[in-house]
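First up is the structure itself, then whatever we jot down about it.
Model, not experiment: these values are computed from the prediction. Here is how names work: the chains are called A, B, and so on, in the same order as the sequence lines, proteins then strands, and each is numbered from 1.
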Number of protein chains: 2
Amino acid sequence: MSSQHAHSHDHDHGGESWDAHATVALARKGTRRSSARDTVVAALAGQECCASAQEIHSRLRSDGSTIGIASVYRTLELLHGMGLVTRIDTGDGVARFEPTHPDGAHHHHLVCTTCGAVEAFQDDALEEAIHRVADRVDFRVDAHDVALRGACRACR
Amino acid sequence: MSSQHAHSHDHDHGGESWDAHATVALARKGTRRSSARDTVVAALAGQECCASAQEIHSRLRSDGSTIGIASVYRTLELLHGMGLVTRIDTGDGVARFEPTHPDGAHHHHLVCTTCGAVEAFQDDALEEAIHRVADRVDFRVDAHDVALRGACRACR
DNA sequence: CGCGGTAATGATAACCATTATCAAGTAAAC
DNA sequence: GTTTACTTGATAATGGTTATCATTACCGCG
């Protein structure tokens, strides 16, 4: 489905890995250590782009974990509340999640309305334009997301 | 809930009204005339910003209509498939809809993550940036949407 | 004008992602 | 080791959306 090349154990985007960043943040928050949470954090760290809770759950189960779906949702909600994961709605009624990189780097998504594939893109001019809008409106903007919908190369 | 000021019967944004535009498009498509569809089209034409299917349904029922919820969903899906309405996902698991204006003018949304309020904004530089991205990627982009999330004036 | 074919309707059941519940398990403090 | 209360996983409940289906109503045709 998604074009994961290698399931790298961590992506070092220059600075510290998200995995370490998240672990530290959780410890600082005072949460108790638990294998379910560790498992979800590891799964997120090893994913190239966004994934749904159910996708994460079934991937973990097929890797031998006995984690329950509720724990996946709980962990994602916790991490999302801490700003460690970004939630993406592609419009198909399923929420998708991906790690928020500590250096602020992020991307947006191209969604194929035919096959449902999701690809990522990154664009500085777009970010710039969004920040200008955020400054201008009477609203405290904490996050933003952009989705471009259409047909991917294969479906076109 | 949302801050609708005036429920104008139609918005003439310079050119023809969306109402007329939609009616013509439906006739051209060869759909049979029906009161349920007319009712939903009228409801959409008279709304300032986006509304959920359930909101539209209960508004119509309280106005005396006997329309069923299924017909609201069906009509919205039909109009969406024809490009006459835009679907917006604010991230709360509820799809919202608003008319797509024939002149191409459109806006994006500010979503308050505290109270759920949705406001609209419009920005030419942002549109420009998005079009440039659309030209650059290996993807046929048909539509786009942007959501800025945070806290509205009241919740801040 | 009435008839027939069939699109459209509205009530309701089914679906499915997500959330809440709760008894059992377990990490950390003492 | 014991206690405390945070976590867990199974499962029930929730709620938006979609599918089903018998009935209704639009519209071309005779």
Side-chain angles (χ1 to χ4, degrees), chain A residues 22-23 25-43 50-82 85 87-97 113 116 118, chain B residues 1 22-23 25-43 50-82 85 87-97 111 113 116 118:
Chain A
T23 303
L26 283 169
R28 189 164 315 165
K29 191 179 168 70
T31 62
R32 197 171 281 183
R33 199 88 193 287
S34 82
S35 72
R37 219 136 50 196
D38 287 352
T39 308
V40 173
V41 169
C50 53
S52 71
Q54 316 252 4
E55 281 165 1
I56 292 171
H57 180 244
S58 57
R59 175 148 39 102
L60 292 175
R61 295 291 284 221
S62 61
D63 284 356
S65 170
T66 59
I67 191 171
I69 186 72
S71 291
V72 175
Y73 278 108
R74 270 191 293 248
T75 303
L76 289 172
E77 185 188 353
L78 174 67
L79 296 173
H80 182 239
M82 294 173 69
V85 307
R87 177 189 161 137
I88 293 117
D89 289 284
T90 62
D92 60 352
V94 183
R96 289 157 187 281
F97 302 85
T113 50
V118 178
Chain B
M1 188 157 290
T23 304
L26 283 169
R28 191 166 311 167
K29 190 179 169 71
T31 62
R32 199 171 278 183
R33 201 84 193 289
S34 83
S35 72
R37 216 132 56 193
D38 288 352
T39 309
V40 173
V41 168
C50 53
S52 71
Q54 317 250 9
E55 282 166 0
I56 291 171
H57 180 243
S58 58
R59 176 147 38 104
L60 291 175
R61 295 291 283 221
S62 61
D63 284 356
S65 170
T66 59
I67 191 171
I69 185 73
S71 291
V72 175
Y73 277 109
R74 271 192 293 248
T75 302
L76 289 171
E77 186 188 354
L78 173 67
L79 296 173
H80 182 239
M82 296 173 68
V85 306
R87 177 188 161 136
I88 293 117
D89 289 283
T90 61
D92 60 352
V94 183
R96 288 156 187 280
F97 302 85
V111 180
T113 50
V118 177

Please name the pair of heavy atoms, one in [X] and one in [Y], separated by the smallest distance, quoted to 0.1 Å.
X	Y	result
A:Ala51	A:Arg59	CB-NH2, 4.1 Å
B:Arg61	B:Thr66	NH1-O, 3.1 Å
B:Ile67	B:Ala36	CD1-O, 3.6 Å
B:Ala53	B:Ile69	O-CD1, 4.2 Å
B:Ile56	B:Ala43	CG2-CB, 4.1 Å
A:Cys50	A:Arg96	CB-CB, 3.8 Å

Per atom distances to the B:Ile67 side chain, the nearest of C:dA8, D:dG9, C:dG10 is C:dG10
Can you check the [X] [atom1] to [N] [atom2] distance for me, whole Å?
X	N	atom1	atom2	result
B:Lys29	C:dA8	NZ	C1'	14 Å
A:Arg37	C:dT26	CZ	P	15 Å
A:Leu76	D:dT8	CG	C1'	15 Å
A:Leu26	C:dA27	CG	P	16 Å
A:Arg33	C:dG25	CZ	C1'	18 Å
A:Asp38	C:dT26	CG	P	15 Å
A:His57	D:dG9	NE2	P	8 Å

Set out, line by line, the N/O atom pairs under 3.5 Å between protein and nucleotides 16-19 of chain C.
unit_1 : atom_1 : unit_2  : atom_2 : d
C:dT18 : OP1    : A:Ala95 : N      : 2.7
C:dT18 : OP2    : A:Tyr73 : OH     : 2.5
C:dT18 : O5'    : A:Tyr73 : OH     : 3.4

d(B:Arg87 CZ, B:Leu76 CG) to nearest 0.5 Å is 10.0 Å
d(B:Thr31 OG1, B:Arg37 CZ) to nearest 0.5 Å is 4.5 Å
Polar atom pairs between nucleotides 1-5 of chain D and protein, under 3.5 Å, N or O only, would you list them?
unit_1 : atom_1 : unit_2  : atom_2 : d
D:dA5  : N3     : A:Arg32 : NH1    : 3.4

Next item on the list: Using a 4.0 Å heavy-atom cut-off across all strands, classify B:Thr31 as base, sugar-phosphate, or nothing.
Entry: sugar-phosphate
When all nucleic acid strands are considered with a 4.0 Å heavy-atom cut-off, which category describes A:Arg74: base, sugar-phosphate, or nothing? base
Point to revise | A:Asp92 and A:Thr90: CA distance, side-chain angles, deciding distance, side chain to side chain donor-acceptor pair (under 3.5 Å) verdict | key: CA-CA 6 Å; A:Asp92 60 352; A:Thr90 62; 3.0 Å; yes
